[in-house]
Amino acid sequence: MRLLVVEDDALIAAGVRDALLQANYQVDLLHEGRQVATLLADGVHDLLLLDLGLPDTDGLLLVRQLREAGATLPILILTARDGLQDRVDGLHDGADDYLTKPFQLPELLARVHALLRRSRSASTSRLAIGPLQLNLATHEAQLAGEPLALTGREWHLLRLLALEAPKVVPKRKLADSLSRWDKEVTDNAVEIYISRLRAKLSTAALQLRTVRGIGYRLEV
Amino acid sequence: MRAGTTLRRRLVHLLAWPLLAVLVASAVYDYVQALQRTQDDQDRALARVAIALASRLDVDADDGQADDFGLHLTRTVAAMQRAEPQDRLAFFVRHADGSTLGGDAALAGWIAASEDDQAAFADQTRGGEVWRVASYAHESSLGRLQILVAETTHRRARQARRLMLDTLAPNVLLVLLALGGVLAGVRLAMRPLDTVSRRIATRDPGDLGPVPVEGLPGELTPFAGTINQLLDRVRESAAHQQAFLSNAAHQLRTPLAGIQTQLELAERDAPPALRERLTQVRAALQRLARSTHQMLALARSGPQAVQQEALEPLDLAHLLEAAADDWLDAALAAGVELQFDARPVRVRGSRWLLRELLANLIHNAIQHSPRGAGVQVSCGVDGDGARLVVEDGGPGIPAGERARVLERFYQRPGREGGSGLGLSIVDEVARRHGARLELDDAGAGPGTGLRVTVRFPSRV
């Protein structure tokens, strides 16, 4: 996996690069926004990590230009500005996620993993998280190399949780999604499917955490 | 100007009272004049009766019938009385030397001095009635005579009353029309003021754009111009403040991020003895980062913030879902269980300010709860409004200190270490939303944990 990091602050840039290298990613580093479009045109990068406070470039404008030029790679924005408006603008302009400075490296890595997992699943129809493998085309699941037997609704829920991981997915969202896909499903029904899923995953290094009153999170 | 005194009221008062005074004075003058005229007419009529009596006396004297004066005079007066049946007529005639020629001798006391062939008039009272008296002196062949004619004033009083009504009716109508005219005129004249007041009143509180001056009366143009200059300055200052905060955020957070990133990497590579120090430094750095974030948040949410955050309809339950994602790891690390009860309820609010509010409450709750305790976060309908509640399993805050903990930088004795800004931010954000902040015990008494309730007055 090859990542492009665009960050003008030398300390952050070096730290992020080293952390990503230690996590076995290939990293290209830019301190300015000018060459980003040229570099991405080769199509060799799998993710763009973009600082919004570049001195020479309006970060949000750059994201929009990249999207208009047809770039599909996931974009993770780093920003020192706060306020959700920034995020809303960012996501509307084609960024996939954002992180406010200062951030912790594990958080950054988790976001990068999640974005890459999702973009890979879109291009390869395969979704991998820890020992779990989901084939989005055939609806087959494997746990630690062994086939995992899942009902349609269980598979649907597991796919949603794996796509969103490590985010907490609200029960409401799970029920809505199941209801769109199948007949009307209540929050209580979701609880039953989750407990069945949890039993089936119990042998693996994969945990389905309950956040009481909100929803669930799939953790490696 | 006194509160409640409007320009319209002033104008109406200043126009209406003088106008009313002039109208009343003119009505009174009309009435007095008319009354005077009719009384003069009636006095002349009374005088004519006296003159008629004098003529009759002259004729009788010439005819040598002086002895029958009394009878003749009584007949003459009786004839006149028939012509004027409403009032009683009485007379008295005597010589200048005091001998009575005829009539009612009881009237002798009413005789007043007058020039020859001139009548003197007076009002006299007898038997509870008012009489109008005409005294007349006449030089006849019999010598100098004093003739007195008196008439009750019933008809005069009635006429005065009718005159009063005749003057009153048109004048009341005139006053009403004039007042109506004043009110309508003032209203019409004030319409441009109403228009500009409405324009200003219906503006969005965050709108710092100029007040439109077109269509304003000339008197208001300098006023609107001054307001617009002031708004220009406020707008400029808001832009400066916004730019400063944005720069400050960047200038403060960028080095913090760099140091934190490098520290984390150094911690991984460091030998155990050094790692412990680095961990402590990183914890301190995180507190610094948190304080920085809180001060920036306070600068944007507090009363000194010129630019008001826009409020939009949002669901508190969605905020709780986002908070669950934001705070789950911190809660797990502290060994505290986060529990939610998120009932859908929509309020008007600023998403990021409410997120800051919730972040500060949940952060505090996790910090103050012992390992193994729970933190409950809930939202839902509350009467006509909505409520947001965070309860922790910590020691709570004694009732006496609950007001003080909302002060900026206040540290509770024995609990130093935080920035002392968390609850200030919560308080400011609640104020910005018109919400009420309540601190009390989570359970039945002290030591059962702290419950913070934010009550929003209305839902959308």
Side-chain angles (χ1 to χ4, degrees), chain A residues 5 7-23 51-55 59 78-88 99-110 164-174 187 207 209-217 219, chain B residues 245-268 282 285-286 288-290 292-293 296-297 300 309-310 317-318 320-329 331-332 337-344 350-356 374 376-378:
Chain A
V5 176
E7 167 64 66
D8 68 307
D9 183 80
L11 211 53
I12 301 176
V16 167
R17 182 196 56 208
D18 292 350
L20 290 172
L21 285 174
Q22 284 179 18
D51 173 29
L52 221 48
L54 294 173
L78 298 179
T79 176
R81 293 192 242 160
D82 53 13
L84 195 89
Q85 207 51 50
D86 291 352
R87 174 180 159 193
V88 170
L99 204 54
T100 309
K101 296 177 186 177
F103 47 85
Q104 300 186 12
L105 286 175
E107 175 75 12
L108 174 77
L109 291 174
E164 295 286 329
K167 280 200 189 316
V168 175
V169 187
K171 209 186 296 180
R172 169 184 65 83
K173 216 168 154 183
L174 293 172
D187 284 11
Q207 196 189 352
R209 183 180 298 281
T210 303
V211 184
R212 269 175 60 187
I214 291 286
Y216 306 94
R217 184 168 87 170
E219 298 172 357
Chain B
L245 284 174
S246 180
N247 277 331
H250 188 259
Q251 296 298 331
L252 291 167
R253 285 184 175 137
T254 302
L256 279 172
I259 298 168
Q260 179 159 333
T261 310
Q262 294 294 334
L263 262 179
E264 283 183 48
L265 289 172
E267 235 180 307
R268 294 184 192 175
R282 191 160 58 84
L285 189 75
Q286 272 170 4
L288 175 61
R290 182 173 164 71
T292 307
H293 178 78
L296 289 170
R300 278 178 70 172
E309 298 296 330
H318 292 183
L320 260 57
E321 286 171 3
D325 195 46
D326 290 343
W327 291 96
L328 180 57
D329 287 320
L332 289 173
E337 197 194 355
L338 272 183
Q339 302 165 354
F340 292 86
D341 184 7
R343 308 284 168 91
S350 154
R351 202 174 291 273
W352 91 265
L353 280 181
L354 288 177
R355 189 175 172 159
E356 287 300 320
Q376 281 85 34
V377 186
S378 60

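Atoms considered below: every heavy atom in the structure, side chains included; atoms not considered: hydrogens, waters and symmetry mates. Lettering of chains follows the sequences in order, A, B, ..., and the numbering in each one begins at 1.
- Across A:I214, A:T100, A:D8, the residue that shares the most heavy-atom pairs under 4.5 angstrom with chain B is A:I214.
- Residues A:V16 and A:E7 have side chains not in contact (no heavy-atom distance under 4.5 Å, counting atoms from C-beta outward).
- Contacts of A:P166 with chain B are made by backbone atoms alone, with heavy-atom separations under 4.5 Å and no side-chain atom involved.
- Neither the backbone nor the side chain of A:A10 comes within less than 4.5 Å of any heavy atom of chain B.
- Heavy-atom distances place the side chain of B:Q286, and not its backbone, under 4.5 Å from chain A.
- If you measure heavy-atom distances from A:E219 to chain B, the contacts under 4.5 Å come from the side chain alone.
- Between chain A and the options B:R268, B:Q251, B:Q376, heavy-atom pairs under 4.5 Å are most frequent for B:R268.
- Within the 4.5 angstrom heavy-atom criterion, only backbone atoms of B:L338 (N, CA, C, O) approach chain A.
- The 12-atom threshold is not exceeded at CZ of B:R343, counting heavy atoms of other residues, nucleotides or ligands nearer than 6.0 Å.
- With a 4.5 Å cut-off on non-hydrogen atoms, B:Q339 touches chain A through its backbone and its side chain both.
- When A:K173, A:E107, A:R217 are compared by the number of non-hydrogen pairs under 4.5 Å with chain B, A:R217 comes out ahead.
- Contact of A:Q22 with chain B is made through the side chain alone, with heavy-atom distances under 4.5 Å.
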